[in-house]
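Note: hydrogens, waters and symmetry copies are ignored here, and every other heavy atom, side chains too, is used.
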Amino acid sequence: MTATTAAEDLIFGLTRVIDLPGLTAAGGAPLGAEDIAAIIGEADKFAREILWPNAQAADRQGSHLENGVVRTPDSYKAAYRAWIEGGWQGLAAPAEVGGIETGGQGLPQSLWMAVSELVTTGDMAFGLCPLLTIGAIEAISRFATPAQQAAWLPRMTTGEWTGTMCLTEPQAGSDLSQVRTRAEPDGTGGYRITGEKIYITYGDHDLTENTLHLILARLPDAPPGTRGISLFAAPKLLPDGRRNALRCGGLEKKMGIHASPTCVMLFEGAEAELVGEPNRGLNAMFAMMNSARLGVGVQGVAQGARAQALAEAYAGQRVQGGQPISRHPDVLRMLAEIRAITLAGRLLALEAGAALDRAHMLHDAGAEARVALLTPIVKAWCTDRGVDCANLGIQVHGGMGFVEDAGAAQVLRDARIAPIYEGTNGIQALDLVGRKLFRDGGAQMRALLEEVRAADPRLGPAVAAMTRATDWMLDRGLKDADAAQASAAAYLDAAGWTLGGWMLARAAAADTRYAPLAAFYLARLLPRAAARVEEIEAADSLLALLPAA
């Protein structure tokens, strides 16, 4: 197999596959290949020198709630200082919003996604903090008032403040219509928030002085359901230095990402400001969630990359039968699967990032539709594959993979959350079919499949299967909601395998170093797309298991 590093693959993907230099030149803010390589090189150095050496110790130490204060692992304070000093948080943040200078660098989202992959590979639990903050910056930039933007954005862009997304409640997970948190006007133009939120990533911590919480809550006269949800912002510390009436009520005891504090947050009359229009909070929050969904897809890629690095290093030095196990054909198969799937996901995420950049920089409506189509696929397919690769990584290690010292077990524990949060992968599949496919009668998907077909003749069978699946969805699925939902996950998975093959075919066309890996994927892994299409057409076998109404 071609021995390229993740950083080399990312530079190649950004410069040769999605042509970020050409895109930025067309957008009037040229970014050369050498600039991209320098930024990726520095991000790789940050991840490898600061995060990688401490990730296992941070996982073992975890975060703890002590006397009302959340303590993160010892190594995190220095790591976060280095993050701020490097200016990493503001990499893709806007330089100014409505004439307000924020301190952001305004660089492309695809470049941020590449940096995020390297950081998350170094330590997923650490990387969650910047991920939530960049989403909060996006929501505030689009929906907050100029006064709010001036007060909040400069500190968040530097990373001096962090941001959270407070949606979930004990009775309201994916169904946000059940949100009960209340927002009462305080008579001075502000609001008081009362309620409980759970699963709040970095809801409290000791890395920064202040955290800005973005909270979904209901006004007293709000209509029922999701139409009655508004968005509010409540800082941990108020402008006069007082502690706001909010606190961490406990830390979740989790399967993985132990170093990341996942908090139960209690809002006890916390002072807050309305962000955006009353009863339109989901519109603003989804700006944050869509950003986070691509970021979570990148987390799936990153865990594949970490599994790959650990497995390849172990297999290269573990001698059995007189030779390294990396030369045993079945181990080679597993290593090739991890590498090929991870590269496919990496390039597919960059393709989605490039579509986002075209939409922002070139105001390309077609690019907006493309990123909308790709977002659920990147989020779900890449995170499912991250779990698969972590599982294969353990198998490569054999018995050593099942004990914690090797680090492979941590990868699987950490990777397992990504298919669940920011909208479970089942919800992503329903979004792909119900919102994206049905909305335009399959036009965007068909156009994408034509691009895939033209890239390489070996993609033809998968494209034919996906075309058949699309026809089935638009015929049977539109008539029968249960059938559409029963087949949505298989449809998304088939799309992911097909698009992964497309990206590897493009990589091989751009550089022959990637040709053997692309050939392996197209011959051994791409047929999984057609197998998933057969599941779609067998929807009735699942529907028969539904209990009678």
Side-chain angles (χ1 to χ4, degrees), residues 6 46-48 50-64 72-73 75-76 79-80 83 113 115-132 199-203 205 207 251-263 292-314 338 341-342 345-346 349 378-397 400-425:
F46 174 88
R48 291 198 170 275
I50 295 176
L51 299 180
W52 271 87
N54 298 308
Q56 277 187 271
D59 177 71
R60 291 191 181 105
Q61 185 179 3
S63 287
H64 301 279
T72 55
S75 62
Y76 274 23
Y80 196 80
W83 176 259
M113 291 166 70
V115 169
S116 181
E117 185 201 316
L118 293 169
V119 170
T120 305
T121 304
D123 185 345
M124 179 171 170
F126 179 89
L128 285 167
C129 188
L131 173 69
L132 270 296
Y199 305 152
I200 308 306
T201 300
Y202 281 87
H205 57 84
L207 302 180
L251 294 182
E252 307 289 358
K253 296 176 175 62
K254 309 186 298 289
M255 174 181 175
I257 52 170
H258 294 148
S260 168
T262 305
C263 302
R293 283 171 175 171
L294 285 178
V296 171
V298 170
Q299 289 178 359
V301 176
Q303 294 315 290
R306 190 173 181 93
Q308 174 189 322
L310 293 172
E312 289 182 348
Y314 180 80
I338 297 171
I341 289 169
T342 299
R346 175 179 293 131
V378 169
K379 193 280 179 184
W381 190 78
C382 290
T383 57
D384 280 341
R385 301 292 78 77
V387 173
D388 290 347
C389 290
N391 191 46
L392 282 171
I394 289 176
Q395 192 70 19
V396 169
H397 282 79
M400 283 300 297
F402 197 66
V403 297
E404 291 289 349
D405 290 348
Q410 181 187 342
V411 182
L412 182 58
R413 290 189 288 101
D414 288 352
R416 191 58 190 86
I417 185 58
I420 297 172
Y421 59 16
E422 303 306 335
T424 65
N425 285 357

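- Considering only heavy atoms from C-beta on, Y80 stays 4.5 Å or farther from T72 through its side chain.
- With hydrogens and angles ignored, the 3.5 Å screen pairs a side-chain donor or acceptor of R293 with a backbone N or O of E422.
- Distance check, rounded to the nearest 0.5 Å: CD1 of I341 to CZ of R346 gives 12.5 Å.
- Summarising the geometry, atom CD1 belonging to I200 is positioned 9.0 Å from atom CD belonging to E252; distances are rounded to the nearest 0.5 Å.
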Side chain to side chain contact (heavy atoms under 4.5 Å, CB included) evaluation trace for Y76 with D123: CA-CA 10 Å; Y76 274 23; D123 185 345; 2.7 Å; yes
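- Under a 4.0 Å N-O distance rule, the pair D405/R60 qualifies as a salt bridge.
- Residues L251 and T262 are not in side-chain contact: their nearest non-hydrogen atoms beyond the backbone lie 4.5 Å or more apart.
- Checked by atom type and distance alone, the side chain of K254 never pairs as donor or acceptor with a backbone atom of P261 at under 3.5 Å.
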With salt bridge (Lys or Arg N to Asp or Glu O under 4.0 Å) as the test, would you mind laying out the steps for D414 and R306 before giving the verdict? CA-CA 11 Å; D414 288 352; R306 190 173 181 93; over 6 Å; no
How far apart are the C-alpha atoms of Y421 and L128, what are their side-chain angles, what is the distance that settles it, and do they pass the side chain to side chain contact (heavy atoms under 4.5 Å, CB included) test? CA-CA 12 Å; Y421 59 16; L128 285 167; 3.2 Å; yes
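- Although no hydrogens or angles enter the test, the distance criterion places no donor-acceptor pair under 3.5 Å between the side chain of R385 and the main chain of V301.
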Candidate pair I417 and M124, rule side chain to side chain contact (heavy atoms under 4.5 Å, CB included), full reasoning: CA-CA 11 Å; I417 185 58; M124 179 171 170; 3.7 Å; yes
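- Contact check for Y202 versus L207: side-chain heavy atoms found under the 4.5 Å cut-off.
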Atom pairs and distances, donor-acceptor, side-chain atoms in residues 390-397, under 3.5 Å, two or more places apart:
| residue | atom | partner | partner atom | Å |
| --- | --- | --- | --- | --- |
| H397 | ND1 | G393 | O | 2.8 |

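- Of the possible donor and acceptor atoms, one in the side chain of T383 sits under 3.5 Å from a partner among the backbone N and O of A380.
- Looking at Q410 and H258, their side chains never come closer than 4.5 Å, going by heavy atoms from C-beta outward.
- No side-chain heavy atom of T342 sits less than 4.5 Å from a side-chain heavy atom of Q303.
- Under the 3.5 Å distance criterion, the side-chain polar atoms of Q56 are matched with a main-chain donor or acceptor of E404.
- What you find for M255 and L412 is that their closest heavy atoms are CE-O, 4.5 Å.
- Contact of the I338 side chain with the E312 side chain is not registered, since no non-hydrogen atoms from C-beta on lie closer than 4.5 Å.
- Formation of a donor-acceptor pair under 3.5 Å by the S63 side chain with backbone atoms of A259 is found in this model.
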